[in-house]
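One structure below.
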Amino acid sequence: MAVASFCFHAELNDFLPRYKRQVIISHSFSERASIKDMIEALGVPHTEVDSMEVNNKFVDFSYIVQDKDTINVYPISAAPDITPSVSVRPLPLSVIRFVLDIHLGKLVTSLRLLGFDTLYRNDYDDEELAEISSNQSRILLTRDKGLLMRSLVTHGYYVRSTNPQQQIVEVLQRFDLFKIVSPFQRCLRCNGLLTPVAKESVIDELPETVRSRSVSAGESQNNEFHRCEDCAQIYWQGTHYERLQQFIEQVLDSKTVIKNSCGHN
């Protein structure tokens with residue numbers, strides 16, 4: 001029986017059982033296997049890995065693990081601290097777009113609010129999600145690590161937090177998106193782009209309370225209207241606008257950093 005030693009760094013430990021976190025893992029195997037397959041067999045999706053070092057030499061996912069190999073597996077967050085000669089992280093997408101699974105419905109709203117093209121349906125199955133991510137070059141966000149292990153998925157991320165406000169901060173931090181946030185550009189309901197429209201063209205479609213306020217000279221915030229190009233939903237700066245602004249400011253002021261390292265048994 002062959003044995004290889006694995007050390008998973010930083011947030012890659014999130015995918016391991018508690019007793020295997022931040023320690024050297026002795027992994028026994030009897031069949032020929034690539035390092036990618038072995039890492040995923042231990043529970044870590046390939047989309048979370050930036051680089052791998054075997055016996056002090058960096059390798060790609062095709063490397064076949066050998067007996068007595070000593071393997072360090074680094075996450076994308078570790079990239080600034082190391083200089084791998086081989087990286088398995090795919091090239092960044094030229095346009096940041098997302099597709100989310102059923103577990104992240106509230107995160108969808110936050111991403112759209114901040115201007116990011118975000119697809120979501122509560123009836124997507126795993127195969128559809130993987131195909132959309134691959135065919136449309138979208139980052140797949142999920143709470144299902146098995147979904148990220150599908151070979152079709154090259155750009156994906158496992159969202160750790162279950163708190164919606166923490167989730168949006170986590171995603172912005174992971175993909176370094178704070179500087180390209182563009183709020184109030186997309187429909188929160190369907191993801192379509194919003195277009196400015198004249199008040200006169202939508203006045204008959206507004207609730208009575210909004211119509212009455214919009215004619216008041218002192219209510220200038222109710223004189224700006226937008227319509228979704230896809231579903232025709234109308235948006236205006238009502239009382240909800242200030243709450244959304246506060247949410248955006250809180251998000252942009254927040255950042256998270258996770259650091260962990262291996263110890264020894």
Side-chain angles (χ1 to χ4, degrees), residues 92-125 127-142 153-157 159 164-165 167-169 171-172 174-216 219-252:
L93 296 173
S94 57
V95 178
I96 299 296
R97 302 187 296 176
F98 297 98
V99 58
L100 277 63
D101 74 2
I102 191 172
H103 305 289
L104 298 172
K106 292 184 178 179
L107 177 58
V108 174
T109 301
S110 296
L111 285 168
R112 289 174 179 172
L113 174 64
L114 297 179
F116 295 103
D117 184 342
T118 306
L119 292 187
Y120 173 82
R121 277 206 336 248
N122 60 13
D123 60 349
Y124 281 140
D125 61 30
E127 184 176 355
E128 284 181 292
L129 287 165
E131 288 179 351
I132 290 170
S133 176
S134 176
N135 296 338
Q136 298 187 24
S137 297
R138 290 180 179 271
I139 299 167
L140 175 56
L141 301 181
T142 178
V153 180
T154 57
H155 294 79
Y157 176 69
V159 180
Q165 184 159 342
Q167 286 176 342
I168 185 62
V169 174
V171 171
L172 293 178
R174 164 63 180 79
F175 294 100
D176 193 21
L177 303 178
F178 287 96
K179 294 181 180 179
I180 62 171
V181 164
S182 184
F184 305 112
Q185 301 296 313
R186 289 194 172 270
C187 178
L188 304 185
R189 185 167 69 177
C190 80
N191 193 50
L193 289 170
L194 301 183
T195 302
V197 292
K199 178 182 63 178
E200 294 76 13
S201 68
V202 297
I203 193 71
D204 292 337
E205 301 175 58
L206 301 175
E208 176 59 34
T209 54
V210 177
R211 287 203 301 269
S212 61
R213 286 200 303 268
S214 67
V215 299
S216 171
E219 295 281 353
S220 59
Q221 71 271 23
N222 286 314
N223 286 323
E224 293 185 15
F225 298 88
H226 293 76
R227 187 192 291 276
C228 174
E229 295 178 357
D230 294 341
C231 74
Q233 174 76 18
I234 300 171
Y235 291 84
W236 62 90
Q237 294 184 11
T239 55
H240 62 288
Y241 182 78
E242 290 185 4
R243 293 195 300 271
L244 294 177
Q245 282 279 32
Q246 290 175 356
F247 172 79
I248 293 169
E249 290 173 6
Q250 290 172 356
V251 167
L252 297 183

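Quantities reported herein were computed from a predicted structural model and do not represent experimental measurements.
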Any donor and acceptor pair, going by atom type alone, linking the side chain of [X] with main-chain N or O of [Y] inside 3.5 Å?
X: Ser201; Y: Ala198; answer: yes
X: Arg227; Y: Ala232; answer: yes
X: Gln185; Y: Pro183; answer: yes

Roughly how far apart are [X] [atom1] and [Y] [atom2], rounded to 0.5 Å?
X: Thr142; Y: Ile102; atom1: OG1; atom2: CD1; result: 10.5 Å
X: Leu140; Y: Leu100; atom1: CG; atom2: CG; result: 7.5 Å
X: Cys187; Y: Glu229; atom1: SG; atom2: CD; result: 10.5 Å
X: Ile168; Y: Leu177; atom1: CD1; atom2: CG; result: 8.0 Å
X: Phe184; Y: Leu113; atom1: CZ; atom2: CG; result: 5.5 Å
X: Leu193; Y: Arg186; atom1: CG; atom2: CZ; result: 4.5 Å

Could you check whether any side-chain heavy atom of [X] comes within less than 4.5 Å of a side-chain heavy atom of [Y], counting everything from C-beta outward?
X: Phe175; Y: Ile180; result: no
X: Val99; Y: Tyr124; result: yes
X: Arg121; Y: Glu128; result: yes
X: Gln167; Y: Ser110; result: no
X: Asp101; Y: Leu104; result: yes
X: Phe225; Y: Ile203; result: no

Stepwise side-chain contact (heavy atoms from CB on, under 4.5 Å) check, Leu119 with Gln136: CA-CA 11 Å; Leu119 292 187; Gln136 298 187 24; 3.5 Å; yes

Residues Glu224 and Lys199 bridged, charged N to O under 4.0 Å: no

Ion pair check, Arg112 and Asp117, cut-off under 4.0 Å: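 No, Arg112 and Asp117 are not salt-bridged.
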
Derivation and outcome, side-chain contact (heavy atoms from CB on, under 4.5 Å), residues Leu114 and Leu172: CA-CA 10 Å; Leu114 297 179; Leu172 293 178; 3.9 Å; yes

Derivation of the side-chain contact (heavy atoms from CB on, under 4.5 Å) call for His155 and Arg138: CA-CA 7 Å; His155 294 79; Arg138 290 180 179 271; over 6 Å; no

Mind listing the closest non-hydrogen atom pair of [X] and [Y] along with its distance?
X: Leu194; Y: Cys228; answer: CD2-CA, 3.7 Å
X: Val251; Y: Phe178; answer: O-CE2, 3.6 Å
X: Leu93; Y: Ser137; answer: CD1-O, 3.3 Å

Plane angle bin for Phe98 and Phe116 - parallel if under 30°, tilted between 30 and 60°, otherwise perpendicular: perpendicular

Side chain to side chain contact (heavy atoms under 4.5 Å, CB included) against Glu242, all qualifying residues, sequence neighbours excluded: none

Listed partners of Asp125 passing salt bridge (Lys or Arg N to Asp or Glu O under 4.0 Å), at least two apart: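 Asp125 satisfies salt bridge (Lys or Arg N to Asp or Glu O under 4.0 Å) with no other residue.
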
